[in-house]
Each structure stands twice: as structure tokens, then as C-alpha cells.
Amino acid sequence: MTIKYWLMKSEPNTYSIDDLAAQTDKTTCWEGVRNYQARNLLRDEIAVGDRVLFYHSACKQPAVVGTAVVSKAGYPDPFQFDPKSNYFDPKSDPNNPRWYLVDITLESKFDRPVTLAELRELARSGRASIKDMVLLQKGSRLSVQPVRKKEFDTILKMSRGV
DNA sequence: GCCAACGTTGGC
DNA sequence: GCCAACGTTGGC
């Protein structure tokens, strides 16, 4: 099975890449995704060893800020059954959980964030390797989205200033 | 803070 | 099954 590539969004005010780096094992469960399209990816598509672009959204400078690796494949999000959690979903049946999550482990924090503005600029200037990115599509707001290898590689290069 | 785009809900 | 109303996302 060849590895796949993904982009996961997080609001840095809520959970930033530095929060991930501060975990003792640099690992976190990616809880709280409450969108069916993203759920399907988490449950069915994302495998251990897949690579992840960590993206900061809804902030001053939206950007890819690092990479992570999937360290545990899809399993039911425990927060959906916790009445005290913001992510509690009273309609989810424990025998048939509605929401799933994966664990990710930090791989690298970029020395230089690759900003959304920069990606848009590159796409506008016709850089083929990036212009079809899901992230750049109009109205795209999927919090877990597929990324092509060439897109992943291009962003890694950009983070190194190439 | 504004607002466009999108997803979900619920009445019919 | 349609669709209007509403809530959320997220860039700007």
C-alpha cells in the first residue's frame, strides 16, 4: 500500500503546531471533525504512515506550518459520547458511531510557513504542481482534505525556501 | 467585523 | 424529495 497525503486544518487559537510539539510524544488525536466528507476520509481512507500537512486556518496568516505522520488509523471519536464535551453528539449511537478520528505525530515544524497567499500567488502564476490543490478551490472548507504527492513535495520545497 | 460559500435541518 | 432557513467556516 503506497502512502497517501493529506492536509488537516486547525485553528491555532485552539490547537497550534506548537501545541502538538509540546505533547510528550508529539502525538495527538485529531478530535472534533463533524463533517461527513471528512469523516469518511478519517474512517476509511487515512492509514498509518500517511503524511499530513498541518495547516493553520482562521487566523492572521493562514499557512501550512509543518508536517505530521498518521500514527493510528480511524477509530471512533470518544468525545462524541461525552456530554461534557463541545463535540458531544447525542444522536450518535455507540453501536454505530457517527464520528471518527485518527492520531497524528509531529514530523517537522517548518522554519518558514508556506502561506495561503503564497500558494495562491504561485497558482495564479501558473505553477502546475499546485494549481489544482483542494485548498485553493473556491469555497473549499473541508477540514481534512486529500493532497497529491506533487503538491506535498512542492510545499516541502517552499518551506525550505527553494 | 463582513460576507460568500457551504452543510445541515426540518417543514411540507 | 424539495428547498428555505439557519449555522458554520474561514479568508479578507
Side-chain angles (χ1 to χ4, degrees), chain A residues 4-22 28-46 50-68 70 74-104 106 109-148 150-152 154-159 161:
Chain A
K4 285 173 282 191
Y5 301 86
W6 309 98
L7 180 146
M8 297 190 190
K9 295 180 186 174
S10 187
E11 301 186 14
N13 289 338
T14 305
Y15 194 90
S16 74
I17 194 162
D18 291 325
D19 293 321
L20 178 57
T28 189
C29 58
W30 202 253
E31 80 272 15
V33 174
R34 296 292 180 266
N35 167 284
Y36 287 102
Q37 216 180 326
R39 186 281 310 271
N40 293 344
L41 296 176
L42 291 167
R43 187 188 59 188
D44 306 330
E45 301 292 334
I46 302 180
D50 284 358
R51 312 274 302 274
V52 175
L53 295 173
F54 195 114
Y55 179 83
H56 281 171
S57 68
C59 56
K60 245 184 193 157
Q61 192 186 64
V64 180
V65 292
T67 63
V70 176
Y75 61 101
D77 182 342
F79 294 90
Q80 68 193 304
F81 304 122
D82 177 1
K84 294 191 295 292
S85 169
N86 285 338
Y87 299 126
F88 178 57
D89 183 351
K91 293 187 202 158
S92 183
D93 174 3
N95 295 315
N96 184 22
R98 183 179 289 191
W99 306 115
Y100 279 70
L101 51 70
V102 299
D103 290 356
I104 65 168
L106 182 68
K109 180 183 168 181
F110 291 164
D111 294 331
R112 203 178 67 81
V114 177
T115 67
L116 179 63
E118 209 176 339
L119 289 168
R120 284 206 192 286
E121 179 53 39
L122 209 59
R124 199 168 336 118
S125 73
R127 175 75 81 91
S129 60
I130 221 78
K131 69 175 172 34
D132 295 325
M133 271 195 84
V134 175
L135 183 70
L136 304 180
Q137 304 312 303
K138 190 175 180 187
S140 164
R141 46 179 228 188
L142 200 56
S143 64
V144 177
Q145 48 182 254
V147 170
R148 297 171 187 82
K150 64 180 177 182
E151 296 164 351
F152 189 93
T154 299
I155 288 172
L156 277 197
K157 276 185 197 162
M158 292 167 73
S159 77

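Throughout, protein chains are lettered first and strands after them, A, B, ... in sequence-line order, and every chain is numbered starting at 1. Bear in mind that the values here come from a model prediction, so they are computed numbers and not experimental data.
Checked options A:Val52, A:Leu101, A:Leu41; the residue passing with A:Val144 is A:Leu41 (criterion: side chain to side chain contact (heavy atoms under 4.5 Å, CB included)).
Rounded to whole Å, atom P of C:dG11 lies 8 Å from atom CZ of A:Arg120. Between the C1' atom of C:dG11 and the CG atom of A:Leu136 lies a distance of 12 Å, rounded to the nearest Å. Remark: P of C:dG11 and CG of A:Asn13 are 13 Å apart, rounded to the nearest angstrom. Rounded to a whole Å, the CG atom of A:Leu135 is 14 Å from the P atom of B:dC6. Between the CD atom of A:Gln145 and the P atom of B:dG7 there is a distance of 13 Å, rounded to whole Å.
A:Tyr100 and A:Asp44 form no side-chain donor-acceptor contact under 3.5 Å, judged by distance and modelled atom types alone.
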Nucleotide N/O to protein N/O under 3.5 Å, stretch nucleotides 8-10 of chain B:
none

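Note on A:Arg148 versus A:Asp132: no salt bridge recorded, every NZ/NE/NH1/NH2 to OD/OE distance being 4.0 Å or above.
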Exercise answer: donor-acceptor pairs, residues 54-66 of chain A side-chain atoms, under 3.5 Å, sequence neighbours excluded:
{"unit_1": "A:His56", "atom_1": "NE2", "unit_2": "A:Ile17", "atom_2": "N", "d": "3.1"}

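Between A:Lys138 and the phosphate of B:dA5, there is a side-chain N or O to OP1/OP2 separation shorter than 4.0 Å.
Below 30°, between 30° and 60°, or above 60°: for A:Phe79 and A:Tyr87 the angle between ring planes is above 60°, a perpendicular geometry.
Pairs engaging residues 86-102 of chain A under the salt bridge (charged side-chain N to carboxylate O under 4.0 Å, His left out) rule: A:Asp89-A:Arg98 [sequence neighbours left out].
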